[in-house]
Amino acid sequence: MSRVVRVLNVAEKPSVAKSVSNILSRNQGLRMREGRSRYNKIYEFNYSINGHPCQMLFTSVTGHLMELEFEDRYRKWHSCDPALLFQAPVRKFVPEDKLDIKRTLEEEARMCQWLVLWLDCDREGENIAFEVIDVCTSVNRHLTIKRARFSALIDRDIHHAVQNLDNANKYFADAVDARQEIDLRIGASFTRFQTMLLRDAFVIDSATDDRNLVLSYGPCQFPTLGFIVERYWEIQSHEPEEFWTINCSHRSDEGIATFSWMRGHFFDYACAVIIYEMCVEEPTASVTKVRQQEKLKYPPYPLNTIELEKRASRYFRMSSEHTMKVAEDLYQAGFISYPRTETDGFSPRTDLHAIVQEQQGHPGWGSYAQRLLDPASGLWRNPSNGGHDDKAHPPIHPTKFSSGESGWSQDHNRLYELVVRHFLACVSQPAVGAETTVEIDIAGEMFSASGRVILAKNYLDVYRFESWGGLLLPTYAVGQQFIPTTLTLDSGVTRPPPLLSEADLLSCMDKEGIGTDATMHDHIKKLLDRFYATKDPNTRFSPTNLGEALVMGYDDMGYKLWKPYLRAVMERDMKAVSEGNKSKAEVLETCLQQMKACFLDARLNKVKLFEAMAVFFERSNRPGGDEQHASGEFIRQCCLCQEADMVLRKNRDGNFMVGCLGYPQCRNAIWLPGSVSEAAVTTNVCNSCSPGPVYMIQFTFRRLEIPPNYSTNHLGCIGGCDEILRQLTEICGTGSRSAASGRGPATSSNVQRSNTRQGACIYCHQSGHSSGDCPSQSSGPRSVRPRTMNAQSGQISVSCSTCGAPCALRTANTTQNRGRKFYSCPSQECNFFVWEDNVSNGHAGRGFQRANVSGRSGARGRGGQGAGRATGGTFVSATGDPNSGRRCFVCGDPSHFANVCPNRGN
DNA sequence: GCAAGGTC
């Protein structure tokens, strides 16, 4: 008889310690006692491992026990150059809130001979296993260490795991160590760098207190932001293109059928008109094909975390972060299974019927559950498998019946209902429909219509979140002829894709491997918390100015730090480490070396970040931060605070300004043109500006940055009398803002992309000279971006970014934007367009973004040709009188439509 | 004051 072995078992979370204890003890003689941490109980029972009688102690941690941090002397933001964070020593330690768990482990480990690790069987779990080993072996070096590998919390797996104990896998743990270190070093260095660089240099109005604003960078949060910005840019740069299509409808006793043109649409108006006129001439339709098909609509795969978040967002507009909070509540209370799972297929050993049985009494879906269990209904179907398996948790499913609890919020009820209905749907037959497609021929042109009848709803009966729309189509027979009720030539414009919804964003992250199922919602929330993005009531995300500026800045540097590539490379390296093909040290060295080089380069190119920020934000004259101002030469007394002096200053970027020494009480500042290369205060006093004296400044401008008709030397005054200075400020912008509005190397901002024609002069559209030297602009060039003027008088007027002509304020009359006001250039060539609310919000206009004008029909037909009139149908010709309330798409004139616009094609 | 990953 061998001696009883005392075994310390450690799980990743309390629930697993409890489940495994229950399984192994078979609920016989299971005792529970408190540990030092209130969440992590200790279970005790007897068990026999490979014939050794064991006294089992089973406790848990709560995820990682340790954190990685820089050594103390590098932890303060100003303690070191952020570039040093790529080599600064780091240490792993148990944070304050985990110390009680650590103490429990130490106390129990001292009394044990074996340590069995029941952490989740993934890389993070393996890493946590080594954290536990670290803590336990430091108090008991004689421990025998074993790893239990299990894929589901079911009897067979657990008993198998404990009888086949394995060794912990250092490669897996190393991969996580590498990830942690890389994330920390990159995150901390870039975050400190860009925060300290930009926060004090600009007036960032998004935060209430921008002194505490952190402009964080992270290898997951930035690509997530990148998805949002990229889609936003895609929308911004979309050039709507007008197209033409022919629609046909036919009303009969059975109802109406709508036929669409099988050619789709034409972008060429003339071609469309020719074909349309042909159809109008001979409008008799002949049915050429009638096809009937049975179609199945399958229920969804079993539910995993990402799908739960996506569906809760789609169906209830719950944020992913809130969804996970509510799901955690339901899980803690025992109503649903573990909510953080990648698995979307049930193990064949799961007793699915038992789960359905529990739900039979529910007033909402109980009767469906009953039908499902009745073999006669034929409704049951073994669930399909989505192909993902985290080997640790089953798909999310109900674990306890409830018809609503008193403490539940509406969202608790909704989420529980979603989990239950989703589960019931998974074990149901697909919906069955009959689809009919009818094709007709009018004057040689083919049109088709389709309809669908649902024959059996099956899972759709319980899964009320999904529908399967379909119209009933009247009956047609091949060879049948009829005269269309309507035959119209309709125009439409191509539309940009919509902004990313939360579900879209989760899909992007999932696809590119950004974050894990347990952290994706955190990254999304972080973007909102950092003021990088906003979410509208339809759960669609837009970047804020801040978010867009940061992405633009890095993009202009040529670094794809905002793309998912970096994470993908890291993920590949992690995999190589976990497979033993690369060492942790090797991956750390190459990755950190590259990232450091990238960091140093980004710092050298910080002007790109400044430029991008300057597109959206005013420069701040706040002291501190990266832009220390030396006290400058006296110009005049400040006429705002009337107390302090205004002095000439130059910042580190070489930009000049005249600022009040009374800062921060007085924020009076006059920024000088970005084209100033030198500025010196003279003894000359301006004759016209008061109160005086106002000392004049001798300016030298950079030749290439000012129009040819301006001199490079200028004795100027900042008091307001100097017209040349005013013009150059307008043309060049101030500080680095000027570069972003057209000077110097082009930034790839969307503003630029949409308002300039690459490689050609923006005024005459010829190449060979820059816009600043255009011979057609005798009065000097204009700013590229649309300018708002007279803002102080309360009146805004917008001039066209291309031709400079004043724009008319118009009102949109489309489904999506009815009543919204916009400015557009009267000239057809410019295509300049901007929403009024974007102008007042400070957004620049874009090249062209017309409102939706699709579905507009023309006017009355050309007399009694064909049988249209005889049957009372409305035939619409490509020419004729306008309908009331509509405007020409091309010029906005309500007296005619685009198809007859006199300005068309000029 | 910084990341991302566990989890309560």
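FYI, side chains are in, hydrogens and waters are out, and symmetry mates aren't considered; it's all heavy atoms of this structure. Labels below follow one simple rule: chain letters A, B, ... track the order of the sequence lines, proteins then strands, and each chain is numbered from 1. Note that the structure is a prediction, hence the values are computed from the model and not measured.
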Given [N], is OP1 or OP2 found less than 4.0 Å from the side-chain N or O atoms of [X]?
| X | N | answer |
| --- | --- | --- |
| Arg199(A) | dG1(B) | no |
| Arg192(A) | dG1(B) | no |
| Arg530(A) | dG1(B) | no |
| Gln221(A) | dA4(B) | yes |
| Thr516(A) | dA4(B) | no |
| Ser189(A) | dC2(B) | no |
| Thr519(A) | dA4(B) | no |
| Tyr338(A) | dT7(B) | yes |

Taking Lys98(A) first and then Glu67(A), would you say they form a salt bridge - that is, a charged N and a carboxylate O separated by under 4.0 Å?
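A salt bridge is absent here (no side-chain N lies under 4.0 Å from a carboxylate O).
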Considering only side-chain heavy atoms of [X], which listed nucleotide, [options], is closest?
| X | options | value |
| --- | --- | --- |
| Val214(A) | dA3(B), dT7(B), dG1(B) | dG1(B) |
| Arg179(A) | dG1(B), dT7(B), dG5(B) | dG5(B) |
| Cys220(A) | dG5(B), dG1(B), dA3(B) | dG5(B) |
| Thr191(A) | dG5(B), dA3(B), dT7(B) | dA3(B) |

Does the aromatic ring of Tyr217(A) sit over the six-membered base ring of dA3(B), closer than 5.5 Å centre to centre and tilted less than 30°?
no
Can you name the nearest heavy-atom pair linking Gln194(A) to Ser216(A), along with the distance?
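Heavy atoms only, the tightest pair is NE2-O, 3.2 Å.
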Write down the distance between [atom1] ([X]) and [atom2] ([N]), rounded to a whole number of angstrom.
| X | N | atom1 | atom2 | result |
| --- | --- | --- | --- | --- |
| Asp517(A) | dA4(B) | CG | P | 16 Å |
| Gln194(A) | dA3(B) | CD | P | 10 Å |
| Leu215(A) | dA3(B) | CG | C1' | 15 Å |
| Met595(A) | dA3(B) | CE | P | 14 Å |
| Leu566(A) | dA3(B) | CG | P | 15 Å |
| Lys18(A) | dT7(B) | NZ | P | 18 Å |
| Arg75(A) | dC2(B) | CZ | P | 11 Å |
| Met324(A) | dG5(B) | CE | C1' | 14 Å |

With a non-hydrogen cut-off below 4.0 angstrom, is [X] in contact with a base, only sugar-phosphate, or nothing?
| X | value |
| --- | --- |
| Gly515(A) | sugar-phosphate |
| Pro14(A) | sugar-phosphate |
| Glu69(A) | base |
| Leu85(A) | nothing |
| Ser37(A) | nothing |
| Asp120(A) | sugar-phosphate |
| Arg567(A) | sugar-phosphate |

Full working for side chain to side chain donor-acceptor pair (under 3.5 Å) between Ser507(A) and Asp504(A)
CA-CA 5 Å; Ser507(A) 298; Asp504(A) 296 334; 5.6 Å; no
Assuming nearest nucleotide by heavy-atom distance, tell me which of Gly513(A) and Asp97(A) is located more 5' along DNA chain B.
Gly513(A)
First encountered from the 5' end of DNA chain B, between Arg340(A) and Ala188(A)
Ala188(A)
In residues 522-529 of chain A, which ones come under 4.0 Å of DNA chain B, going by heavy atoms?
His523(A), Lys526(A)
Counting only heavy atoms not in Glu586(A), do more than 12 fall under 6.0 Å of its CD?
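Buried by this count: over 12 neighbours within 6.0 Å.
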Pairs in or reaching into residues 568-605 of chain A: which pass ring-ring contact (aromatic ring centres under 6.0 Å, His included), with residues at least two apart or in two chains?
Phe86(A)-Phe599(A), Phe190(A)-Phe599(A), Phe193(A)-Phe599(A)
Please report whether the ring centroid of Tyr559(A) lies less than 6.0 Å from that of Tyr554(A).
no
For the residue pair His397(A) and Phe346(A), is the inter-centroid distance of their aromatic rings smaller than 6.0 Å?
yes
Residue list, salt bridge (charged side-chain N to carboxylate O under 4.0 Å, His left out) with Lys170(A), at least two apart or on another chain
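With sequence neighbours excluded, Lys170(A) shows a salt bridge (charged side-chain N to carboxylate O under 4.0 Å, His left out) to Asp174(A), given in chain and number order.
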For the side chain of Ser320(A) and the backbone of Glu309(A), is there at least one donor-acceptor N/O pair under 3.5 Å apart?
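A pair under 3.5 Å: no.
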